[in-house]
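Reviewing the structure listed below.
Bear in mind that the values here come from a model prediction, so they are computed numbers and not experimental data.
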Amino acid sequence: MRLDDFDPNINVEDQRGQGGGGFGFGGGGGGGLLFGLLPMVFSRFGCGGVVILLIALAVFGGLGSLGGGGSGVRTSAPSEQSARHGTDTKSSCTIDAASKVACNAFSSADKTWAAIFQQSGERFVAPKLVFYSGSGQSGCGAAQSAMGPFYCPQDQGVYLDTSFFDELGNRFGAKGDFAQDYVIAHEFGHHIQNLLGTSAKVAQAERQGSQAEGNRMSVRLELQADCYAGVWAAQNRDRLDPGDIQEGMTAAYAIGDDTLQKQAQGRVVPDSFTHGTSAQRQHWLQTGLDSGDPARCDTFSGAI
């Protein structure tokens, strides 16, 4: 995808190289990471998310992005890459190619959604992009690379360990710049939900309902964020290269709940889904791509 270079005025924070180290799963440190993750996973995904987290830990011997484990070992000494960090937007966004991809996509989403909100008369508030390596701190608690990219509504931040992009391509087979752009656009979609009050309504419904009902609401929220990612891409259709849409579809398929559960445990447990099936994620990404209209992203009415 041929995006412009990032706007130097976007809000970027860089927590890389600020200590925190890592966790050696083989040497007893994994328990600290696991119990640090449980409260956040439970608050966002309920018991089903905790079950998936525990299964992933047992199967892969560690936690990587999206519940996978990479090597399963993190040393306490930061790598040369993690020790590097920027002091302002320009330096943070140009440390490496992955950082620039993230900043370019984030900046484009920021500009696109600001224009959409202006057209509809809504007030737009820009989020921030926060880089970290291995571990960091968010307004929602600890940030761990094991969690994958996430959005924190408390501080309106999109949190990213760019090593996720390597895992997305190498482990899940979702290669290409648009696959990475889709990840950023999806998390930006959660910010849009936060601004519109959708996230708060879902959180309230999750608290008041059963675990299964909460999981179903979480699925609808995540699928809407996929659709919003498609809307962003559609609004920038002139920047798409041949093969970009397929890259996005491959990424959406790779991170479907059913696909991940089959890989982790060899079977599928629909009641524990929190993000939607591979087919659902592809469908709603395509819906946004086809329409370019946020109003078409109503995942809360009817079947999904």
Side-chain angles (χ1 to χ4, degrees), residues 1 3 16 22 37 45 49 52-53 56 59-60 62-72 74 79 81-82 93 95-106 108-109 129-136 143-151 158-190 222-223 225-230 232-233 240-241 243-264 274-282 284-286 288-289:
M1 193 171 188
L3 296 175
R16 292 173 289 195
L37 285 176
F45 303 122
I52 293 174
L53 178 64
V59 172
F60 295 110
L63 290 169
S65 300
L66 285 179
S71 66
R74 295 186 182 277
S79 66
Q81 180 69 20
S82 67
C93 289
I95 281 180
D96 54 27
S99 298
K100 188 171 184 181
V101 167
C103 287
N104 288 352
F106 183 88
S108 175
L129 175 63
V130 184
F131 290 112
Y132 69 98
S133 180
S135 61
Q144 299 286 351
S145 59
M147 300 158 62
F150 69 94
Y151 173 76
V158 172
Y159 285 79
L160 174 70
D161 182 335
T162 57
S163 65
F164 175 80
F165 289 159
D166 292 330
E167 187 136 358
L168 186 65
N170 297 330
R171 175 168 186 167
F172 295 101
K175 299 180 181 294
D177 57 351
F178 188 76
Q180 299 172 1
D181 295 339
Y182 156 63
V183 170
I184 300 298
H186 172 93
E187 298 307 331
F188 207 103
H190 285 309
E222 295 295 335
L223 293 177
D226 282 334
C227 187
Y228 283 163
W232 162 76
L240 291 172
D241 288 322
D244 277 348
I245 293 179
Q246 184 55 50
E247 290 175 4
M249 291 298 159
T250 299
Y253 183 90
I255 56 180
D257 282 328
D258 53 343
T259 298
L260 291 175
Q261 286 188 359
K262 286 178 184 177
Q263 292 173 351
T274 57
H275 284 64
T277 67
S278 293
Q280 288 171 333
R281 301 201 71 165
Q282 289 182 319
W284 284 102
L285 175 60
Q286 189 68 60
L289 279 162

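For the atom pair L285 CG and I245 CD1, the distance stands at 8.5 Å (nearest 0.5 Å). Of the inter-residue distances, the one linking L223 atom CG with Y228 atom OH reads 12.5 Å to the nearest 0.5 angstrom. From K100, atom NZ reaches atom SG of C93 across 9.5 Å, with rounding to the nearest 0.5 Å. Once rounded to the nearest 0.5 Å, the distance linking SG of C227 with CG of L289 reads 8.5 Å. Between atom CD1 of residue I95 and atom SG of residue C103 there is a gap of 9.5 Å, rounded to the nearest 0.5 Å. With rounding to the nearest 0.5 angstrom, the CD1 atom of I184 is 5.0 Å from the CG atom of L160.
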side-chain contact (heavy atoms from CB on, under 4.5 Å) between D177 and N104, worked out:
CA-CA 11 Å; D177 57 351; N104 288 352; over 6 Å; no
Show, in sequence, the C-alpha distance, side-chain angles and deciding distance for Q144 and F150, and conclude whether the side-chain contact (heavy atoms from CB on, under 4.5 Å) test is met.
CA-CA 10 Å; Q144 299 286 351; F150 69 94; over 6 Å; no
Determine, stepwise, if the pair Y151 / Y159 fulfils ring pair (Phe, Tyr, Trp, His ring centres under 6.0 Å).
CA-CA 6 Å; Y151 173 76; Y159 285 79; 8.8 Å; no
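Put simply, the side chain of D257 gets close to the backbone of T274: a donor and an acceptor are under 3.5 Å apart. Looking only at distances, a side-chain donor or acceptor of D96 sits under 3.5 Å from a matching main-chain atom of S99. Between the side chain of R281 and the backbone N or O of I255 there is at least one donor-acceptor pair closer than 3.5 Å. At least one donor-acceptor pair closer than 3.5 Å links the side chain of Q282 to the backbone N or O of M249. Within the 3.5 Å criterion, the main-chain N or O of G148 finds no donor-acceptor partner in the side chain of D161. Put simply, the side chain of S278 gets close to the backbone of Y253: a donor and an acceptor are under 3.5 Å apart. Here the side chain of N170 pairs no donor or acceptor atom with the backbone of E167 at under 3.5 angstrom. A donor-acceptor pair under 3.5 Å links the side-chain atoms of E247 to the main chain of F178, judged by distance alone.
For A98 against T162, the heavy-atom pair with the smallest separation is CB-CB, 3.8 Å. When every heavy atom of A229 is checked against every heavy atom of A185, the shortest pair comes out as CB-CB, 3.7 Å. The shortest non-hydrogen separation linking F172 to A254 is O-CB, 3.7 Å.
Here the side chains of F131 and V158 are not in contact, with every heavy-atom distance at 4.5 Å or above. With a 4.5 Å cut-off on side-chain heavy atoms, L3 and V101 do not count as touching. Proximity of V183 to L168: side-chain heavy atoms (C-beta onward) are separated by under 4.5 Å at one or more points.
D166 and S163 are not linked by any side-chain donor-acceptor pair at a separation below 3.5 angstrom, with hydrogens and angles left out of the test. There is no side-chain donor-acceptor pair under 3.5 Å between H275 and Q280.
Remark: Y132 engages no residue in a ring-ring contact (aromatic ring centres under 6.0 Å, His included) (not counting sequence neighbours).
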